[in-house]
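Have a look at the structure below before the remarks.
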There are 2 protein chains.
Amino acid sequence: MADHNDLLQRRGDADDVHCRHCSLRSLCLPQALDDRDLERFNAIVRRPGHFKKGSLLAREGAPLHSLFVVRSGSLKQVSHTGGREQLTRFFLPGELVGLDGLDTLRHPGSVRALEAATICDIPYTSLDTLAEQLPALRTQLFRSMSRTLREDRLLMGHFTHQSADQRLATLLCELSERFHRRGYSAHRFRFSKSRAEIGSYLGIAMETVSRVLGQFQQQGLITIRGREVWILDLPALESLARGDRLTVLIPTPSRLAPPARTSPDAQIATLSLANH
Amino acid sequence: MADHNDLLQRRGDADDVHCRHCSLRSLCLPQALDDRDLERFNAIVRRPGHFKKGSLLAREGAPLHSLFVVRSGSLKQVSHTGGREQLTRFFLPGELVGLDGLDTLRHPGSVRALEAATICDIPYTSLDTLAEQLPALRTQLFRSMSRTLREDRLLMGHFTHQSADQRLATLLCELSERFHRRGYSAHRFRFSKSRAEIGSYLGIAMETVSRVLGQFQQQGLITIRGREVWILDLPALESLARGDRLTVLIPTPSRLAPPARTSPDAQIATLSLANH
DNA sequence: TAGCAACCTTGATGGCGATCAATATTCGGC
DNA sequence: GCCGAATATTGATCGCCATCAAGGTTGCTA
């Protein structure tokens, strides 16, 4: 439980990382800045100590003073909307937190660390000022928002149309790709979230998450041990997410099978004869 | 069916509407501009003739040259994603089309008129240049995107968690509010969309849309005649959207009822003993 | 190492809503 | 106003998945 010494220690570490040397630079806001501008950008970034699992980075409805960028670990955003609580977003390293509160300057949801995490804190007023002077930064901000807008809409759009197994396949592919883009393995990663959190995000029951993950494992699409995940057959998962009717053979690792059964005695399982 | 004369006629009309006198000004991009800046903004806006129902304003994947603002009528955005087609957005007067393509400069979905419609066309490069010079415009652009981002996430988030009747209640409340904010009646409006389009947007089958709307009517929440809708009991719809367990009496207009039944012989119907 | 709490898995049941199918209704064109 | 096509309603069936319930596992604290 991160005592004071611990905090100071980490703060020291954090201060070492100039934007110039940050491994996430190519994904982050200053990606298009030249050296001189990068220096100015780096000057406004604050790097608070590390956050423990579960700690609150922003409270729903509280004034928004800064944008955050995840530097390590991962965060979740939770909104209480219409009576029920729901998990509206996961944030991985390099992703921007707070874009959805720039107009009201309030946090539309609480932000918590899913695991030990470090962030960069970019005060909004400084960013605003700097964006006025640096066209490249402004453009990047627009791009980030536009991209988020499109990806969100697409992803959520998927979810509203998909069955439980399709949603999970979609999430797995998404995570795989997001991790990959950040330099991590696309085929092995750790769920930093509980089954319940996954369910809340996808709009399905925790029990169903558990069952479907088990099913995927049986079908040789993934291996899952606790929160550790190995993606064994990404194409099949993508195909599943896409809603293709997918026929797999058990117990051999799954693959896209021809429309007709190859052997009369093969054990056949049909996945996602989904509703739509 | 809009012959050439008609087009010219409407084009003439359209050209008359300087941003200064536009009834949507307070909702639109230039809402924070002073007179001098408004003049400059107005100068970059193009106002093409009116579009007939069903006409294509932008093709999915095509280069994005302009943002659109709906001036009258309504539009839909359709994306072909993962094999299946889905309706990703409805646009009402005053709403901005194209924010989700600003980074790739391509349209992420096809845009079509749901009914006869007029728009303003704001060339992206001109807007970009102008935004560089007018801080108020820049701020407004950020605000619009941020707001859209938040509202989208919330709305879609709702949908992924809601049952069919809750989704429809949510949509009705949404439309009611959006119309109201634009100066139209909050209690009576026209669906410019088919049942199938509603279903595609909400992620439910056309038949279910039809059934639930009928059910709402029976329960006295709405009156619906073809595509004309009267909202009779907005609070009840909101409550339903929120997921409250709602008990209504038939055939009297519905209201929030006390937890216990008021009369043993009253006909009881229970709405949305929804899954979550 | 023991014990407890949080988390996860697995089973049984019932309701919601997709799908298929068959009309009914509305709308646009002549 | 009449006809054909698109759209909407209504009915019947069945599978997915939420919910309730009961263990099982993991991980943290003492």
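Quick note on labels: first sequence line is chain A, next is B, and so on, each numbered from 1.
- If you measure from atom CG of A/Leu168 to atom P of D/dA18, you get 11 Å, rounded to the nearest angstrom.
- Atoms CD (A/Gln215) and C1' (C/dT10) sit 14 Å apart, rounded to a whole Å.
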| query | What does nucleotides 8-13 of chain D look like as a protein-contact string, B for base, S for sugar-phosphate only, - for none, at under 4.0 angstrom between heavy atoms? | reply | SBBBB-
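- You'll find the side chain of B/Asp100 reaches within 4.5 Å of the side chain of B/Gln77, heavy atoms only.
- Atom CD1 in A/Ile198 sits roughly 17 Å away from atom C1' in D/dC17 (whole-Å rounding).
- B/Arg190 has its CZ atom 11 Å from the C1' atom of C/dT26, to the nearest Å.
- Side chains of A/Leu56 and A/Phe51 form no contact here, defined as non-hydrogen atoms less than 4.5 Å apart.
- Rounded to an integer number of Å, the gap from CZ of B/Arg225 to C1' of C/dT26 is 14 Å.
- Counting to the nearest Å, the C1' atom of C/dC16 and the CD atom of B/Gln162 are 15 Å from each other.
- Aromatic ring centres of B/Tyr201 and B/Phe159 lie closer together than 6.0 Å.
- Here A/Ala205 lies in heavy-atom contact (under 4.0 Å) with a base.
- Residues A/Glu60 and A/His80 are in side-chain contact: their nearest non-hydrogen atoms beyond the backbone lie under 4.5 Å apart.
- Between the CZ atom of B/Phe191 and the P atom of D/dT7 there is a distance of 16 Å, rounded to whole Å.
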| query | Taking it one step at a time, do B/Glu115 and B/Arg190 satisfy salt bridge (charged side-chain N to carboxylate O under 4.0 Å, His left out)? | reply | CA-CA 11 Å; B/Glu115 59 194 315; B/Arg190 215 185 124 68; 5.4 Å; no
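- Distance CZ (A/Arg167) to C1' (D/dA18): 12 Å, rounded to an integer number of Å.
- In this structure the side chain of A/Pro48 reaches within 4.5 angstrom of the side chain of A/Ile119, judged on heavy atoms.
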